[in-house]
Amino acid sequence: MIIHSRMWSWSLFIAAEVFLYISYRQNDGRFHWFLHLFVGASTVPIMMALIMWLSGRILRYPLRWIFVGHVVAMFPDILWNFLMGTHEPWMDMFLGHISAHFIPGRNWTWYAVFLASLACYLYQLAMKEAAAGAGQRRNV
(Lines give C-alpha, C1' and ligand atoms only; values in the text may rest on other atoms or scores of the structure.)
Protein backbone atom coordinates (compact mmCIF):
# COMPACT_ATOMS: atom_id res chain seq x y z
CA MET A 1 0.00 0.00 0.00
CA ILE A 2 2.88 2.37 0.77
CA ILE A 3 4.44 1.74 -2.64
CA HIS A 4 1.11 2.45 -4.35
CA SER A 5 0.76 5.71 -2.43
CA ARG A 6 4.30 6.79 -3.33
CA MET A 7 3.68 6.01 -7.00
CA TRP A 8 0.64 8.28 -6.96
CA SER A 9 2.64 11.04 -5.30
CA TRP A 10 5.42 10.79 -7.88
CA SER A 11 2.94 10.52 -10.76
CA LEU A 12 1.03 13.61 -9.69
CA PHE A 13 4.25 15.53 -9.08
CA ILE A 14 5.64 14.65 -12.52
CA ALA A 15 2.34 15.47 -14.24
CA ALA A 16 2.16 18.84 -12.49
CA GLU A 17 5.77 19.65 -13.39
CA VAL A 18 5.17 18.68 -17.04
CA PHE A 19 2.21 21.07 -17.04
CA LEU A 20 4.44 23.85 -15.66
CA TYR A 21 7.11 23.07 -18.27
CA ILE A 22 4.55 23.27 -21.07
CA SER A 23 3.45 26.67 -19.77
CA TYR A 24 6.96 27.96 -20.64
CA ARG A 25 7.02 26.63 -24.20
CA GLN A 26 7.19 30.14 -25.72
CA ASN A 27 9.86 31.67 -23.46
CA ASP A 28 13.02 29.54 -23.55
CA GLY A 29 11.14 26.88 -21.64
CA ARG A 30 13.96 24.69 -20.43
CA PHE A 31 15.95 27.57 -18.92
CA HIS A 32 12.98 29.22 -17.19
CA TRP A 33 11.44 26.00 -15.95
CA PHE A 34 14.72 24.79 -14.43
CA LEU A 35 15.53 28.24 -13.05
CA HIS A 36 12.32 28.57 -11.07
CA LEU A 37 12.29 24.88 -10.11
CA PHE A 38 15.79 25.24 -8.64
CA VAL A 39 14.92 28.51 -6.87
CA GLY A 40 11.74 27.08 -5.36
CA ALA A 41 13.29 23.71 -4.64
CA SER A 42 16.28 25.42 -2.98
CA THR A 43 14.08 27.44 -0.66
CA VAL A 44 11.81 24.59 0.39
CA PRO A 45 14.40 22.19 1.91
CA ILE A 46 15.82 25.02 4.03
CA MET A 47 12.30 25.90 5.21
CA MET A 48 11.49 22.25 5.90
CA ALA A 49 14.75 21.73 7.83
CA LEU A 50 14.06 24.84 9.90
CA ILE A 51 10.49 23.77 10.66
CA MET A 52 11.69 20.26 11.60
CA TRP A 53 14.36 21.71 13.86
CA LEU A 54 11.91 24.11 15.56
CA SER A 55 8.94 21.74 15.82
CA GLY A 56 10.89 18.56 16.49
CA ARG A 57 8.84 16.52 14.02
CA ILE A 58 9.37 15.19 10.51
CA LEU A 59 7.32 16.90 7.81
CA ARG A 60 5.29 14.85 5.39
CA TYR A 61 4.75 15.23 1.65
CA PRO A 62 8.08 16.79 0.52
CA LEU A 63 7.06 16.64 -3.16
CA ARG A 64 4.04 18.79 -2.42
CA TRP A 65 6.27 21.33 -0.68
CA ILE A 66 8.67 21.40 -3.65
CA PHE A 67 5.81 21.89 -6.11
CA VAL A 68 4.42 24.77 -4.07
CA GLY A 69 7.91 26.32 -3.92
CA HIS A 70 8.16 26.05 -7.70
CA VAL A 71 4.76 27.68 -8.19
CA VAL A 72 5.65 30.53 -5.81
CA ALA A 73 8.94 31.10 -7.66
CA MET A 74 7.19 31.21 -11.03
CA PHE A 75 4.02 33.08 -9.97
CA PRO A 76 4.97 36.27 -11.87
CA ASP A 77 5.29 34.16 -15.02
CA ILE A 78 1.81 32.80 -14.41
CA LEU A 79 0.58 36.39 -14.32
CA TRP A 80 2.57 37.10 -17.50
CA ASN A 81 1.10 34.06 -19.31
CA PHE A 82 -2.43 35.16 -18.51
CA LEU A 83 -1.60 38.74 -19.57
CA MET A 84 -2.34 40.02 -16.08
CA GLY A 85 0.95 41.80 -15.52
CA THR A 86 4.40 42.50 -16.85
CA HIS A 87 7.62 41.79 -15.03
CA GLU A 88 8.30 44.49 -12.44
CA PRO A 89 10.97 44.81 -9.71
CA TRP A 90 8.41 44.16 -6.94
CA MET A 91 8.06 40.60 -8.27
CA ASP A 92 11.35 39.77 -6.54
CA MET A 93 9.22 39.10 -3.46
CA PHE A 94 8.38 35.78 -5.15
CA LEU A 95 11.71 34.14 -4.23
CA GLY A 96 13.73 36.67 -6.19
CA HIS A 97 11.87 36.02 -9.43
CA ILE A 98 13.54 38.80 -11.46
CA SER A 99 16.99 38.78 -9.80
CA ALA A 100 17.31 34.98 -10.10
CA HIS A 101 17.76 35.36 -13.87
CA PHE A 102 20.95 37.39 -13.45
CA ILE A 103 22.97 35.35 -10.94
CA PRO A 104 26.43 34.43 -12.26
CA GLY A 105 26.47 30.87 -13.55
CA ARG A 106 22.71 30.97 -14.07
CA ASN A 107 21.10 27.53 -13.64
CA TRP A 108 24.37 25.83 -12.68
CA THR A 109 24.62 28.13 -9.67
CA TRP A 110 21.02 27.46 -8.70
CA TYR A 111 21.64 23.73 -9.07
CA ALA A 112 24.58 23.98 -6.64
CA VAL A 113 22.42 26.00 -4.21
CA PHE A 114 19.70 23.36 -4.51
CA LEU A 115 22.16 20.54 -3.73
CA ALA A 116 23.44 22.42 -0.67
CA SER A 117 19.93 23.08 0.64
CA LEU A 118 18.94 19.46 -0.05
CA ALA A 119 21.97 18.31 1.97
CA CYS A 120 20.85 20.56 4.84
CA TYR A 121 17.35 19.05 4.73
CA LEU A 122 18.62 15.46 4.53
CA TYR A 123 20.95 16.06 7.46
CA GLN A 124 18.09 17.42 9.57
CA LEU A 125 15.85 14.53 8.48
CA ALA A 126 18.52 11.98 9.43
CA MET A 127 18.96 13.63 12.83
CA LYS A 128 15.21 13.50 13.52
CA GLU A 129 14.93 9.89 12.38
CA ALA A 130 17.96 8.90 14.49
CA ALA A 131 16.45 10.65 17.52
CA ALA A 132 13.12 8.91 16.94
CA GLY A 133 14.86 5.54 16.61
CA ALA A 134 16.91 6.12 19.77
CA GLY A 135 13.77 7.08 21.67
CA GLN A 136 12.04 3.87 20.62
CA ARG A 137 14.99 1.73 21.70
CA ARG A 138 15.13 3.33 25.14
CA ASN A 139 11.45 2.57 25.77
CA VAL A 140 11.83 -1.15 25.03
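Two residues are said to be in side-chain contact when any heavy atoms from C-beta on lie closer than 4.5 Å; Ile103 and Trp110 meet this criterion.
One distance of note links CG of Leu125 with SG of Cys120; it measures 11.5 Å at 0.5 Å rounding. Here Lys128 contributes atom NZ and Ser55 contributes atom OG; the two are 7.0 Å apart, rounded to the nearest 0.5 Å. Summarising the geometry, atom CZ belonging to Phe38 is positioned 8.0 Å from atom CH2 belonging to Trp108; distances are rounded to the nearest 0.5 Å. To the nearest 0.5 angstrom, Glu17 atom CD is 11.5 Å from Ile22 atom CD1. In this structure, Leu35 CG and Tyr111 OH are separated by 15.5 Å, a value rounded to the nearest 0.5 Å. Between the OH atom in Tyr21 and the CZ atom in Phe34 there is a gap of 8.0 Å [rounded to 0.5 Å].
For Leu59, the side chain to side chain contact (heavy atoms under 4.5 Å, CB included) test picks out Met48, Ile51, Met52, Arg57, Trp65, with sequence neighbours left out. The ring-ring contact (aromatic ring centres under 6.0 Å, His included) test applied to His70 returns Trp33, not counting sequence neighbours. When the ring-ring contact (aromatic ring centres under 6.0 Å, His included) test is applied to Phe13, no partner is found at least two apart in sequence or on another chain.
Of all the heavy atoms in Thr43 and Val39, the pair that sits closest is OG1-O, 2.9 Å. Considering every non-hydrogen atom in both Val44 and Ile66, the closest pair reads CG1-N, 4.0 Å. Taking all atoms of both residues into account, the shortest heavy-atom contact from Ala41 to Ser117 is O-OG, 4.0 Å. Closest approach of Ala16 and Phe67 over heavy atoms only: CB-CE1, 3.3 Å. Taking all atoms of both residues into account, the shortest heavy-atom contact from Tyr121 to Ala49 is CA-CB, 4.0 Å. Smallest separation of non-hydrogen atoms from Gly40 and Ala73: N-CB, 4.0 Å.
In the hydrophobic clustering of ILVMFWY residues, with side-chain heavy atoms under 4.5 Å counting as a link, Val68 and Leu63 come out together. Cluster annotation: Val113 and Phe102 are assigned to the same hydrophobic cluster (Ile/Leu/Val/Met/Phe/Trp/Tyr, side-chain heavy-atom contacts under 4.5 Å, transitive). Linking ILVMFWY side-chain heavy atoms closer than 4.5 Å, directly or via other members, places Val71 and Phe31 in a single hydrophobic cluster. A single hydrophobic cluster is not seen to contain both Met127 and Leu118; linkage of ILVMFWY side chains at heavy-atom distances under 4.5 Å, directly or through other members, places them apart. Under the 4.5 Å side-chain heavy-atom criterion for ILVMFWY residues, no single connected hydrophobic cluster contains both Tyr61 and Leu12.
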